[in-house]
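Along the sequence shown, residues carry numbers from 1. Read the numbers this way: they start at 1 and go in the same order the structure lists the ligands and their atoms.
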Amino acid sequence: MGLLAGWVVLRLALQAMKKLRPIVATVVAVNLFNLGADWVLVFGAGPIPQLGPLGSAWASTIARTLSGTWRLRGPSSRTGRPSGRGGETASSAGTLGEPGERLKIAGIEAVIEEDGGLHLYPGRTEWGAGLVVGSEILCYRRLPSTNDRTRLIVDSNGPSGMVVLAEEQSGGRGRHGRVWHSPAGLGLYFSVLLRPSVSSDHLGWVTLSAALALARAARLLGASLGIKWPNDVECDGKKLAGLLAEAIYEADRLKAIVLGVGVNIDWEPDRLPEEVRERATALSCCTPATVDPDVLMASWLWEADTLFRELDEQEVEGAPPLASEVMARMTHIGELVRIKSSDGIVEGICTGLSAEGFLELDGGRMVTSGELVPPAGGKK
Ligand code: BTN
């Protein structure tokens with residue numbers, strides 16, 4: 001976009017911001033001018049209250065670095081973007097360069113790995129020094145599964161907060177051995193390595209924090225998301241994202257958690273099979289704003305860093321500070337629910353979450369794990 005057009009858009013957006021709530025103005029600006037969503041964060045550096053000035057500036061830089069990362073590589077087969085996300089081997093890395101080469105993308109240091117991954121170091125910037133989640137980000141065009149790649153990083157004692165991101169997965173995994181279809185251009189697929197210090201019976205909050213971080217990040221784009229215990233994120237009653245937390249133990253000690261996040265970003269519902277359309281949705285169907293996965297990723301990192309830190313720093317046993325926000329976003333509260341677990345099926349009225357993040361039924365019964373399935377008698 002030319003400088004003049006950018007200036008005009010900026011003036012109009014600022015005028016709108018004076019009159020309207022900031023997020024509305026942002027959505028208006030995005031819709032009217034069909035701006036790339038990374039502009040959202042540029043406009044929002046001051047007025048979008050959710051991330052605050054520092055968060056907006058940080059997320060904006062990360063989003064620019066990610067889009068710069070993809071731009072360095074050859075054209076994408078699927079996305080139709082002017083430039084695509086990178087190649088997974090050095091030979092298919094387009095203009096990226098040779099393994100071991102050092103780059104700087106939007107002010108962030110990067111190194112090309114032997115396997116063609118681009119290793120970003122946001123934590124080495126002055127303002128990123130205190131951050132854990134996203135202090136290092138490893139970007140690939142294609143991986144079998146970001147969770148599998150992250151498990152290898154656990155084995156080599158990689159740092160907590162390290163993120164592995166792929167444009168496409170050939171073997172994306174869901175819960176209960178399901179496949180997570182992960183074509184390029186349709187979703188966001190990433191994993192985070194965490195070494196949480198929360199007690200083992202509070203680990204459910206790690207997944208719920210990640211879900212809340214997504215809901216907060218999506219709110220910046222005008223989407224209102226619900227959290228379906230234990231690890232789904234929904235919009236309008238349909239699944240929008242799934243979380244796969246894998247705990248890695250060394251002897252009896254929790255060594256790390258690999259937390260995988262898959263978000264449906266850009267779908268054309270008419271082109272989907274009906275059974276998928278009925279059960280699942282994508283962010284592009286939940287907001288009129290242009291959804292840029294790099295912006296969503298960057299905002300998620302910022303929110304997740306805050307939430308995981310709060311969780312880790314909690315000293316007293318009991319529900320963490322984020323519990324009330326999770327509960328306010330929880331779907332199925334007050335409804336008759338049915339939970340299928342390895343112990344069988346239980347039913348009851350969903351009344352909230354326990355201090356450990358377990359599902360509470362009928363105001364007292366706790367369900368520690370399982371999957372919410374449609375109740376035999378429908379909603380109550
Ligand atoms: C589910 O709802 O079943 C969880 C889906 C988790 C999918 C994500 S995509 C990124 C990460 N890598 C994987 O192989 N799975 C997770």
Grab the two heavy atoms, one from Leu225 and one from Arg329, that are nearest each other, plus how far apart they are. O-NH1, 2.9 Å
Gln169 and ligand 1 - part of the residue with a heavy-atom distance under 4.0 Å: side chain
If the cut-off is 4.0 Å to any non-hydrogen atom of Ser145, which atoms of ligand 1 fall inside it? 12 (N), 13 (C), 14 (O)
With a 4.0 Å cut-off, would you call Glu371 and Arg178 a salt bridge? yes
Take the angle between the ring planes of Trp300 and Phe308 and call it parallel below 30°, perpendicular above 60°, tilted in between. perpendicular
Thr65 side, atom OG1; Trp70 side, atom CH2 - distance, nearest 0.5 Å: 11.5 Å
For atom 5 (C) of ligand 1, which protein heavy atom lies nearest, and how many Å away is it? Trp180 CE3, 3.3 Å
heavy-atom search around atom 10 (C) of ligand 1 in the protein gives Thr146 OG1, 3.2 Å
Considering only the protein, which heavy-atom contact is closest to atom 15 (N) of ligand 1, and what is its distance? Arg173 O, 2.7 Å
For Gly174, counting its heavy atoms only, list the atoms of ligand 1 lying under 4.0 Å from any of them. 1 (C), 3 (O), 4 (C), 5 (C)
Output the list of atoms in ligand 1 that are nearer than 4.0 Å to some heavy atom of Leu243, sorted by atom number. 4 (C)
Best match, Arg175, His176, Arg178: closest heavy atom to atom 3 (O) of ligand 1: Arg175
In this structure, which one of Arg149, Gln169, Glu167, Glu168 forms a side-chain hydrogen bond (donor to acceptor under 3.5 Å, both in side chains) with Tyr140? Arg149
Does ligand 1 have any atom that is closer than 4.0 Å to a heavy atom of Ser182? no
Test: Arg173 and Glu246 ion pair at under 4.0 Å: yes
Enumerate the atoms of ligand 1 whose separation from the nearest heavy atom of Gly172 is less than 4.0 angstrom. 14 (O)
Can you tell which part of Asp148 has a heavy atom less than 4.0 Å from ligand 1: side chain, backbone, both or neither? neither
Give the numbers and elements of all ligand 1 atoms closer than 4.0 Å to a heavy atom of Asp232. 2 (O)
Of Val206, Leu208, Leu212, which meets side-chain contact (heavy atoms from CB on, under 4.5 Å) against Leu307? Leu212
Run through Asp305, Asp312, Thr306 and flag the one making a side-chain hydrogen bond (donor to acceptor under 3.5 Å, both in side chains) with Arg309. Asp305
Check: Arg365 side chain, Glu347 main-chain N or O, donor-acceptor pair, under 3.5 Å: yes
With heavy atoms under 4.0 Å as the rule, classify the contact between Lys239 and ligand 1 as side chain, backbone, both or neither. side chain
